[in-house]
Every structure is written in structure tokens, then in C-alpha cells.
Amino acid sequence: MDISTLRRKLLAGSVVGFLRVGLAVPVYLVLTPIMLNTLGTERFGLWAFSTMIVNAFNLVDFGLKNSLLYHVAQLRDNHGAVSQHFMATVKVYLILSSSITFILLLFHRVIIQDLLYVPAYLFEEARFLFVVTVIAFSVRLVVIPYQAVLEGLQELSLSQSVFLGWLLIYSAAVLIALVVWPGIYSLGLALLVSNLCIVLGFYGVAKWRLPFLHLAPWRTNTGELRSMLKYGIGIQVAAVAIALREPLYKIVLAKAYGLATVAAFEVAYRLCTQLASVMTTPLLGVLGVSALLSRRHDDLMRILRPLLVYGVIVLPPAVMFAYTFSKPLFNLWLGQKGNEAAELFPSLFLGFAIYYSTEVFYKAIEGSGRSWYSATLQVSVLIVQMSLLICIASLSWSITVSLLIGFGVFSLSNLLMFRRCYGRIDLGDCFPLFWLALPTCLYVGLFPVQSENSHVWAFGAYLVLHLAMLRHLGISAQSLVGEFRKVGESKMRQAVISS
């Protein structure tokens, strides 16, 4: 696979990913009020508990999905080795899904009655939903290795297409269930059917594009498993630290400020994560590409550079938009109840922008095989944020300061570590950051003297100035697409050599 092909695959994956994520948001906005009105408050809350089961499955995979992706990218030309690593992962996932399913089903009564406090008159519906959700996601867990192999072979567009198909099937199944037989039972069946479809989707795509993969658990040996776990444990520790950030913040805030602040934080934080997932869609394939090109520094730079420029184009205007229009938009969406969330959102969004500004570096470091770095950094950032939040909890700006400082440490560490790992790659002069920062600094400086009536015009003028500066420097959406579509003009055009 030459560099031009790799670029095209990454671009195709980003396009399909944008389509999937862009469709998921309106689907969520449409289905939520329909389900809420149809089920009622209590049964809708019961339905919401199913996400807890999903999170339980996501936090016990020992980082094997990303580990398999990393190993497949490095061994892509050795189909035998890829197949062995695939089977080692399948074997572990079979054991994990079976064990988790057995434990959850064994203790389902305790979980439903004593942990979730479900009323007795809803117990039968809760038990049905619990069992169906456990079975659906335990089956889905087994096909994750297929997804990892596809993405490790840079077939991100196929992986995202399967998820797009699942989203459409799930949406249609839920709507049909609510019309034909409204209730928890029909929604549980819709969930089961849609997850069976995603299993069939990945299996069908794998049979089509990966004919060398065969399900033969008895052919595995401990060597591949040790290699997988060595890399995967670091990824898993990092994932757990990331997952703990939100609940730990809520626990501290509940004690310091009460449930009203927790609710505001929930709305603002959740919206930040949703928007971040949309904006960072082009970065989905960075881990696999970095693993593939970890020893080809010049080729890796040619792939990473447009992704860094993408962040420069998108993030500053997005942050300025959040600071300018959060209050009126939140008021339109949630009314007066959303005022506290509107106050929190701009600062939280700024923190996420700082975090994702170096996500390319972070994934490239992971792609070099340093999963221990991910674990160390995420745990350290979590400790810094929690320590600051607890120490200054009495101050009104404690949430903002702790989040910004923690994410600032994250980005600074990524910059330093990237230089250490890829010393020959100089991405700092890809664009004159000083000139690009001028429109944003000017807008921030004039913001306090703007009236609310002038915000639309002022932001429009800032956006025009920002885009004009980018155009003057030769940076545009067209140039990014052109970067990915370049073919053969550089001396570096050659086959990508795997490790």
C-alpha cells in the first residue's frame, strides 16, 4: 500500500465517520422525546439503565481491541501472524463475554432491586431488558476483533459503514417497536435485533475482505496473547482513567455544591463529548496509520500534517462560537433551567479543545508501541484534576480551573513526548501559529465591549478574518483534501514497508 492509497483510505473513513456521527445526533434528538412520551418517565429511566451494562462491557476488554489494531497494522503483510493474533483476541473475548454474561445473569435480581432500586411493579420488565441487553452486547463483543482487524488494515470506511448500517437498523427497529407494540419488551427486542445485525455486518465484511481469517480457537498459542496483553494493559488503564473522570467530578461536585450543579455539569460535559466526537472524526484512523508508519517518519509526517491543520481550522472558531452563543442557545434549548449549564459549557469546551488539539500526537505515540505512556499520562491527568478540584472546591471556578490545567498538562506532555519519539519530524513550522492566533486574540480582546445585539455580526467578521488568514497562508479545506489526494509528486512516493 503506497502513501496515496493510505491517504485515500483515511479520507474515505473520515467521510463515512462524519456521516455516521452526523446522523447519530439528530437520531438521538428525534428518538429521545418520542421514547420519553411513549414510555413515560419511569420506564424511560429504566431503559436508560441499559447504558450501564454497555459501560461494564467496554471497561473489561484489557485494551485488546486497540492492541489487536496496533499489531495488525504492524504485521499487515503477514496474514498468518495477523490470523494468529486475531484468534488469540477472539478467544479472550469469548471468555470475557461468557464470564460477564454469567455473572450479570446470576446476580441480576440483586443488581435490579438493590443496586438500581427498580420498583417491584417494574421488576419483570427490568429483568427482561437486563437479560436481553446482556445477551445482545455479549454477542456484539465477540465481533470486536473483526472491527480491529479491518481498522488495522486501514479499512476504516468499511468499519464505519457497518456502524452506519447498525444506526439505521436500530433507529428503524425502535420506531417500529414504538408504533406496533410500545413498551420495554418491544424496545428490548429491537436492541437485540440491531446488535445481531451488527454481528452479521462485521462477519460478512470480514468474509468478503479478509478471507484469510478463520475461526479456529484451538490454533492459538500463548505467545500472541502475551504480546497482545503487554500492549493492551496500558491502553486499558488509560481507558479506565478516562471513564472515571466524569463520575469522580460528579461525586465531588455533589458533595460541594449539590445535585443542581451535578445536573448542569452533566448537560455541559455530555454536550462537549458529543461535539468533540463529531469534530475529531478525521482522527479515527491515526492509531492504525501511526502503527503502520512508526518507522517511516517522513511518510508519517505527510499523513499527520493535514490532520493538524484540520484542528487549526476547526477548533478556534468552535471555541469562540461556544463563548459567544452558549447562553442564548441553551436558553432556547432548556429554558431558564439551562442557565448554569450555559455558564459551564464554554470553559469545558475550551478544555476539550485543548485536549484534542494534540490528539494526533497522542495517537501517534500510542502507535509507536508506547501504551505505557497513555496509561501514565491519563492517570496523572486524572490525579491532577481531582486534586485541584478537591483543594479549591469552595471556589466557583474550581471546575473550570481543574479541567483546563489537567488538559493543559495532557497536551504539553504530548508535545514533548512526540518530539522525543519522532525527533526528526518537525511539525512546528507547518503553519505560522502566531499569525493564525491574531484573529482569535483580537476577537477575545474585543468581546467584553460587544453588545449582545452585535454578537452575530462580530462573530461573522471574526470567522471571515480567520478564514481569510488561513487562505492567505495557503490553508483551506480544499488544500487538506488535496494533501490526501496527492499522488506521486514527491520523492517519498514508494510502498509502505511494514515492520
Side-chain angles (χ1 to χ4, degrees), residues 20 23-24 27-61 65 90 92-147 162-204 243:
R20 177 185 67 83
L23 184 61
V27 165
Y28 172 80
L29 293 176
V30 170
L31 287 182
T32 298
I34 295 176
M35 294 172 65
L36 180 60
N37 292 328
T38 303
L39 297 177
T41 304
E42 285 190 321
R43 284 180 171 81
F44 182 78
L46 184 63
W47 172 256
F49 277 134
S50 62
T51 59
M52 295 179 60
I53 302 173
V54 179
N55 292 333
F57 279 100
N58 290 336
L59 289 177
V60 292
D61 77 336
K65 175 183 175 290
V90 169
V92 174
Y93 271 112
L94 284 171
I95 295 172
L96 283 174
S97 62
S98 301
S99 301
I100 296 172
T101 301
F102 175 77
I103 292 172
L104 290 177
L105 293 181
L106 181 64
F107 295 100
H108 75 276
R109 184 176 294 273
V110 175
I111 295 173
I112 293 172
Q113 292 181 334
D114 299 335
L115 181 62
L116 303 181
Y117 299 104
V118 174
Y121 63 90
L122 290 176
F123 177 78
E124 291 301 325
E125 292 177 75
R127 178 163 60 181
F128 174 82
L129 178 62
F130 187 89
V131 172
V132 167
T133 304
V134 168
I135 294 174
F137 281 95
S138 64
V139 172
R140 179 172 170 174
L141 194 67
V142 178
V143 300
I144 288 179
Y146 285 109
Q147 177 192 353
V162 174
F163 283 116
L164 177 60
W166 167 81
L167 178 63
L168 295 174
I169 293 172
Y170 171 76
S171 304
V174 168
L175 287 174
I176 293 172
L178 292 175
V179 171
V180 176
W181 185 25
I184 290 295
Y185 294 106
S186 60
L187 288 176
L189 292 175
L191 180 66
L192 180 61
V193 169
S194 62
N195 277 279
L196 289 176
C197 288
I198 202 172
V199 171
L200 295 175
F202 271 114
Y203 182 76

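These numbers come from the heavy atoms of this one structure, side chains and all, not from hydrogens, waters or symmetry mates.
Nearest heavy atom pair, residue Leu105 against residue Phe130, reads N-CE2, 4.5 Å.
Contact check for Tyr185 versus Glu124: side-chain heavy atoms found under the 4.5 Å cut-off. The shortest side-chain heavy-atom distance between Tyr170 and Leu191 falls under the 4.5 Å cut-off.
In this structure a side-chain-to-backbone donor-acceptor pair under 3.5 Å is present from Ser138 to Ile135. In terms of modelled atom types and a separation under 3.5 Å, the side chain of Ser194 and the main chain of Trp166 share no donor-acceptor contact.
Among Leu178, Leu129, Thr38, Val132, the single residue meeting the side chain to side chain contact (heavy atoms under 4.5 Å, CB included) criterion with Leu187 is Leu178.
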- Message: Asn195 vs Val139, test: side chain to side chain contact (heavy atoms under 4.5 Å, CB included). Steps then yes/no.
- Response: CA-CA 8 Å; Asn195 277 279; Val139 172; over 6 Å; no
- Message: With side chain to side chain contact (heavy atoms under 4.5 Å, CB included) as the criterion, how do Leu189 and Trp181 come out once you've worked through the C-alpha distance, each side chain's angles and the decisive distance to 0.1 Å?
- Response: CA-CA 11 Å; Leu189 292 175; Trp181 185 25; 4.1 Å; yes
- Derivation of the side chain to side chain contact (heavy atoms under 4.5 Å, CB included) call for Ile103 and Leu106: CA-CA 5 Å; Ile103 292 172; Leu106 181 64; 5.7 Å; no
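Ring centroids of Phe202 and Phe163 are separated by less than 6.0 Å, placing the two rings close together.
Here the CZ-CD1 distance, from Phe128 to Ile184, works out to 9.5 Å after rounding to the nearest 0.5 Å. Going from atom CD1 of Ile144 over to atom CD1 of Ile198 covers 9.0 Å, rounded to the nearest 0.5 Å. Here the CG atom belonging to Leu94 is positioned 10.5 Å from the OG atom belonging to Ser99, to the nearest 0.5 angstrom. The CD1 atom of Ile176 sits 11.0 Å away from the OG atom of Ser186 when rounded to the nearest 0.5 Å.
No more than 12 heavy atoms of other residues, nucleotides or ligands sit less than 6.0 Å from atom CZ of Phe102.
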